[in-house]
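All values below were derived from every heavy atom in this structure, side-chain atoms included, with hydrogens, water molecules and symmetry-related copies excluded.
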There are 4 protein chains.
Amino acid sequence: MSDTSTLTENGKSHTPGALPKAAFATMSGLDIFERMMAGDLPAPPIMSHSNIRMKEFSEGRAVFTGLPAREFLNPLGTVHGGWISTLIDTALSCAVHTTLQPGEYYTTTTLNVNMVRPLLETSGEVICEGRIVHRGSRLATSEGDLRDANGKLIAHGTVSCMILKPS
Amino acid sequence: MSDTSTLTENGKSHTPGALPKAAFATMSGLDIFERMMAGDLPAPPIMSHSNIRMKEFSEGRAVFTGLPAREFLNPLGTVHGGWISTLIDTALSCAVHTTLQPGEYYTTTTLNVNMVRPLLETSGEVICEGRIVHRGSRLATSEGDLRDANGKLIAHGTVSCMILKPS
Amino acid sequence: MSDTSTLTENGKSHTPGALPKAAFATMSGLDIFERMMAGDLPAPPIMSHSNIRMKEFSEGRAVFTGLPAREFLNPLGTVHGGWISTLIDTALSCAVHTTLQPGEYYTTTTLNVNMVRPLLETSGEVICEGRIVHRGSRLATSEGDLRDANGKLIAHGTVSCMILKPS
Amino acid sequence: MSDTSTLTENGKSHTPGALPKAAFATMSGLDIFERMMAGDLPAPPIMSHSNIRMKEFSEGRAVFTGLPAREFLNPLGTVHGGWISTLIDTALSCAVHTTLQPGEYYTTTTLNVNMVRPLLETSGEVICEGRIVHRGSRLATSEGDLRDANGKLIAHGTVSCMILKPS
């Protein structure tokens, strides 16, 4: 039984933590996110671990929400920059992923995060949007920001990715 | 009863997730890390949440270990860049923190991460070291890297911090 | 008698390459750029040296044009990333400068540049726009991009600045 | 007859500002720098334009000197971050270039610069060293710093490059 069949028949049974390899080979990035949102493909473990949820995907754009929690606090009592960076990396890298054709892969090589305001355990749900800036055949970049429920900017950043086409 | 007394008498009872405010006011950065390693001050929640452990601190240098786990995987089945960034942010920011005098605070404003090799759930424990590069009165920067048990470089980066002296 | 002379202390003509110190103390950032465009304050030397011209300033936004030339080429025969970075740094830092009140100063601490397409000696005039993203009392960030005459993206980036208020 | 002429196709003298294409195809990166230092290959125009000189090259390491001048000043009267970035980009990108085999090319995709101290027209010669951090088959990164004659750190940074092997 191939990965492909688990994709089409009972998508919930494959290895937690990874898309079946066939997904990248046969589906576009947008298809993958649509299937994930529909529950037909597994959401990656990092998402529940970090209280992150998928919200919206279109070509070149990916939006996630995140809920701060006590587990994410740093010694200063604010939300750790690592949690903020996880959301920024997720949204901006997925913005690149939404532009992939079947058979294309990608890897994020550089993440740059500007943290402009502290985020608190009590800040409530935040929203993080990634937007493609450049999509070439080998290189893609995206930018995006993380805001609280009132639209206040907490952090923004950029990501640089390599586009790979295994032969 | 002040925060200070909880520090000296029964350090384990304060709010999870934050150092007592008195810690920053009365202790140097190095003192704080020594107390954390001794268990007299609470380690921040992000650490157990992200499988991160304190390893070594000296002035201008902070070393942590981290253990990849299934919960940290991204859709590609590799460890999410957010986990890598959490470790890089932790080690590099704490390298700055080790240089603080009592009464000084800091905030990390920019995090830059170069991810050069995939990290796997099966890669085993990694080590992440942060080293101060510049320590001025208002600005500090550090650099550092994350390596696997064989010394293979997984990621490296830089951090820029503002030093604050509330009056 | 121009207003410029009032800016120079004791009628001494100021050092080429620097605004009179009084400019920062008594004028807003926008005022300074308006005076520079009017020729009442000196444009900094880097501009003619690098074929850069001021184009437009409003609060939180600064636009410059630049003309590639043979002097800016790297060994690969394309325009050196340093010239691109000079334009990005100029536009993004000046976007922050446009938000300064009299008596406020600033310094750029981090520059991040993503170079996405080669720029040629024959590419013709480029336009580089900087836009403020965050303006706090101590920290400001901006983003922006450099495009050729056809709107093609050559590079984009972010800048982080410290806002200073000497007492 | 010099070797340079064999590099120019059909005896045509090459365009100032660019290495003959044959150079990348037939010489290693280190060979190219050795020839440049010997004057057998042209130094790129950006160097004399920006008062930059080659100092030392070994595999994975490139060192340049630079001399601040009035032409590089910004409105604050200090050396423009663009000149600093030009040196950082040069040394760090060339550190990657020293690792290229004949037939390999590269392009710098991300430049990150931390500016930690002002540089003055009167600061005198500075030295900028780039060191390779990671050299993979498709991705390379380097780090480095710019110091004044007393060893004081002015700026440091990282660069990310794509390695290309045209077929």
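Side-chain atoms of B/Pro44 and A/Leu73, non-hydrogen and from C-beta on, never get closer than 4.5 Å to each other. With contacts defined as side-chain heavy-atom distances shorter than 4.5 Å, the pair B/Tyr105/A/Leu76 does not qualify. Taking 4.5 Å as the limit, every side-chain heavy atom of B/Glu71 sits out of range of all side-chain heavy atoms of A/Ser48.
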Worked check of ring pair (Phe, Tyr, Trp, His ring centres under 6.0 Å) between A/His49 and B/His80 = CA-CA 11 Å; A/His49 181 72; B/His80 194 283; over 10 Å; no

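Here B/Thr109 is the residue among B/Thr107, B/Thr109, B/Thr110, B/Thr158 with the most heavy-atom pairs under 4.5 Å with chain A. With respect to chain B, the highest number of heavy-atom pairs below 4.5 Å among A/Thr86, A/Ile88, A/Thr108, A/Leu87 belongs to A/Thr86. Each of B/Ile32, B/Thr90, B/Val116 has some count of heavy-atom pairs under 4.5 Å with chain A, and the biggest count is that of B/Thr90.
Atom-to-atom distance recorded for A/Asn112:CG and B/Asn112:CG is 5.0 Å, nearest 0.5 angstrom. A distance of 13.0 Å separates CE in A/Met162 from CE in B/Met115, rounded to the nearest 0.5 Å. B/Ile84 CD1 to A/Ser85 OG: the interatomic distance, rounded to the nearest 0.5 Å, is 12.0 Å.
Counting only residues at least two apart or on different chains, the ring-ring contact (aromatic ring centres under 6.0 Å, His included) pairs with a member in residues 106-163 of chain A are A/His97-A/Tyr106.
Listed by sequence position, the residues of residues 50-60 of chain A in contact with chain B number zero, using a 4.5 angstrom heavy-atom cutoff.
Looking at every heavy atom in both residues, B/Arg70 comes nearest to A/Pro45 through O-CB, 3.1 Å.
Using a 4.5 Å cut-off between heavy atoms, A/Met36 contacts chain B through its side chain alone, with no backbone atom that close.
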